[in-house]
Amino acid sequence: MGYEITHVIDGQEVAGTGATQPIMNPATGGEVGTLHLGNAETVDRAVQVAARAQKEWQLESLAKRTQILYRMRQLVIDATDELAVAISREHGKTVADAKGEVARGLETLEFATSITQDLKGGFSQNVSTGVDAHTVRQPLGVVAGITPFNFPAMVPFWMHPVAIATGNAFILKPSERDPSASNIVARLYQEAGLPNGVFQVIHGGKTVVDALCEHEGISGVSFVGSTPIAKHVHQTASAAGKRVQALGGANNHAVVMPDANIEFAATQVASGAFGSAGERCMAVPVAVTVGEAHEPFLAAIKAEAEKLVVGPGDDPKTDMPPLITPDAKERVIRMTDEAEAAGATIVVDGRRLVVEGYENGNFVGPTVITDLAADHPTYTEEVFGPVLVVMHVNNFDEAIDLVNASPFGNGTAIFTDSGHYARRFEDEIQVGMIGINVPIPTPVGYYSFGGWKDSLFGEHHAHGPEGLNFYTRQKAVTVRWPAQNEAVEASMSFPTHD
Ligand code: NAD
């Protein structure tokens with residue numbers, strides 16, 4: 001029923017193995033389309049095509065590669081509305097939020113258009129008498145990207161523009177929940193003039209992911225998703241000899257100091273906690289109030305949460321959209337129930353919210369919880385919903401200890417007027433991305449994105465300079481051109497320089 005989403009292999013829409021699954025609209029709870037699922041055979045077919053295409057693509061001039069990326073940039077800008085509507089329909093997020101993710105994804109494409117600068121190697125003349133040295137960066141070959149549901153455009157954009165610009169062929173395996181954006185991007189690459197096979201899309205779940213991680217024709221795997229799957233992908237693909245970067249889940253804390261502008265902190269934490277119904281890896285599900293900040297912050301965040309309009313993503317009045325699935329909704333309600341049963345105070349309760357006309361949608365309201373023990377799963381685990389847990393500590397040192405005790409280390413923020421505490425926070429916190437009075441410190445496309453600890457497995461962060469390092473291998477070349485009549489004696493000693 002509705003539309004059909006197929007694989008995109010060698011520039012063609014290809015139905016898969018016969019296996020399909022429904023694509024749902026999270027606001028209505030209704031089926032909107034059908035997704036064709038691949039298997040190991042589909043992956044093998046795409047890898048064979050990619051391997052052939054990559055050989056030629058690697059030989060294309062940097063000028064031609066960047067011209068295609070420039071054209072792609074304009075095509076994506078022109079298609080922003082189409083992408084945003086498709087994302088909103090399948091993910092649930094507001095159309096405005098979806099446009100935001102397209103714009104943030106474009107930052108990496110813009111970074112990739114300057115690959116002419118970044119691929120310059122080093123050169124040293126006369127490292128030894130008559131000997132020069134230089135370095136070149138070459139592509140890995142065929143690489144794969146496996147991406148989560150929560151940013152169906154932006155997260156793949158963290159990967160494919162840099163992979164393609166550096167001469168790789170890229171196979172994308174997007175989330176099964178919101179697959180349409182990836183096929184739109186495949187169409188746009190084709191319109192931009194990218195040769196068939198350099199960007200392909202395979203849909204599916206675990207079977208396809210495992211086939212990508214194990215296929216000997218694939219040299220690198222980029223993954224973004226939950227921590228257990230990130231670990232699985234990191235282990236499986238590493239064992240198969242691939243370069244792997246696997247970004248996992250998060251449980252980001254925002255520390256609110258007593259000297260902070262509390263009203264400002266509350267608006268910022270509200271956007272971090274409840275934007276996109278909390279389904280962001282850089283969401284802020286935990287606020288840590290220090291000393292006297294607690295009571296005024298609690299009052300201010302309660303007021304912010306109660307203001308929010310919950311509704312479908314295609315209604316311009318909506319602040320907060322539905323969750324992705326009925327299971328995600330059930331998890332939020334269950335984890336709130338469990339916190340309450342453990343003696344926590346439910347300051348704002350979103351559990352019983354019903355949106356009129358959307359009774360089958362996956363809606364919950366914003367929820368604020370406090371007085372929760374630091375070992376309770378509703379605090380320690382990633383809820384991935386619009387739930388803010390407010391933890392109270394006595395001083396700055398206790399706040400640092402609490403944040404650093406989390407197994408996750410994706411993002412964190414401090415709200416303060418004190419340069420002293422801000423500087424100490426930046427220095428002492430064990431987290432990859434830090435905001436000073438900024439709740440969602442997602443680095444711009446020409447910096448790199450990545451967490452610490454259980455939020456990232458592998459050496460490389462995503463996009464920006466780290467993306468360039470991930471998708472290329474360096475060669476160091478030492479060159480000597482002896483004169484035709486130059487005579488030297490053979491030496492059995494290890495070469496030193498003269
Ligand atoms: P997920 O881990 O369920 O799925 C991610 C990808 O893995 C999807 O393509 C999915 O098809 C595939 N997958 C799912 N189960 C699998 C299995 N058993 N074996 C192999 N592959 C499997 O994640 P999600 O629910 O789509 O996304 C939400 C999660 O992603 C959250 O944990 C969030 O924090 C995380 N995330 C992290 C970042 C980051 O940058 N660190 C960014 C976005 C999302």
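We count ligands from 1, going down the list as the structure has it; atoms in each ligand are counted the same way. As a basis for the values below, the full set of heavy atoms in this structure was taken, side chains included, without hydrogen atoms, waters or symmetry mates. As the structure is a computational prediction, the values presented were derived from the model and not from experiment.
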Residue pair D327 / T325, side-chain donor-acceptor N/O under 3.5 Å: no
Centroid-centroid distance, F111 to H463, less than 6.0 Å: no
Below 4.0 angstrom, N of the basic side chain to O of the carboxylate: do E101 and R104 qualify? no
May I ask you to identify the nearest protein heavy atom to atom 42 (C) of ligand 1, giving residue, atom name and distance to one decimal place in Å? C281 SG, 2.9 Å
Any side-chain donor-acceptor pair under 3.5 Å between Y379 and H253? yes
Taking the non-hydrogen atoms of F384, is any one of them nearer than 4.0 angstrom to ligand 1? yes
Could you tell me whether E176 and ligand 1 have an N or O pair separated by under 3.5 Å? yes
Do we see a donor-acceptor contact under 3.5 Å between the side chains of N196 and Q190? yes
May I ask whether G248 has any heavy atom positioned less than 4.0 angstrom from an atom of ligand 1? yes
Give the residue and atom name of whichever protein heavy atom lies nearest to atom 27 (O) of ligand 1, and the separation in Å to one decimal. P148 CB, 3.2 Å
Residue E382 vicinity, atoms of ligand 1 by number, heavy atom under 4.0 Å: 31 (C), 32 (O), 33 (C), 34 (O)
Would N39 and T42 count as having a side-chain donor-acceptor pair, cut-off 3.5 Å? yes
In this structure, atom 19 (N) of ligand 1 is nearest to the protein heavy atom K206 CG, 3.3 Å
T147-ligand 1 polar pair, N/O distance under 3.5 Å: yes
Check ion pair R89-D178 (N to O, under 4.0 angstrom): no
Closest non-hydrogen protein atom to atom 7 (O) of ligand 1, residue and atom name please, with distance? F223 CE1, 3.4 Å
In the complex you have, is atom 4 (O) of ligand 1 within reach of the protein, judged by whether a heavy-atom distance drops under 4.0 Å? no
Test item, F408 contacting ligand 1 (heavy atom, 4.0 angstrom): no
Sub-4.0 Å atoms of ligand 1 with respect to non-hydrogen atoms of W158: 40 (O)
Around atom 40 (O) of ligand 1, find the nearest protein heavy atom and jot down its residue, atom name and distance. F449 CE2, 3.0 Å
Considering heavy atoms of the protein only, find what lies nearest to atom 12 (C) of ligand 1 and give residue, atom and distance to 0.1 Å. V209 CG2, 4.0 Å
Check each atom of ligand 1 against the heavy atoms of N150 and keep those under 4.0 Å away; list them by number with element. 43 (C), 44 (C)
For E338, I'd like to know if atom CD has over 12 heavy atoms of other residues, nucleotides or ligands within 6.0 Å. yes
Who's the nearest protein heavy-atom neighbour of atom 35 (C) of ligand 1, and how far? G225 O, 3.1 Å
Taking R351 first and then D337, would you say they form a salt bridge - that is, a charged N and a carboxylate O separated by under 4.0 Å? yes
Should the pair R45-E41 be classified as a salt bridge under the 4.0 Å nitrogen-to-oxygen rule? no
Decide whether an N or O pair under 3.5 Å exists between S226 and ligand 1. yes
Kindly confirm or rule out an N or O of F149 lying under 3.5 angstrom from an N or O of ligand 1. yes
Shortest protein contact, atom 22 (C) of ligand 1 (heavy atom only): I229 CG2, 3.5 Å
Taking the basic N atoms (NZ, or NE/NH1/NH2) and the acidic carboxylate oxygens, is any pair closer than 4.0 Å for R280 and D97? yes
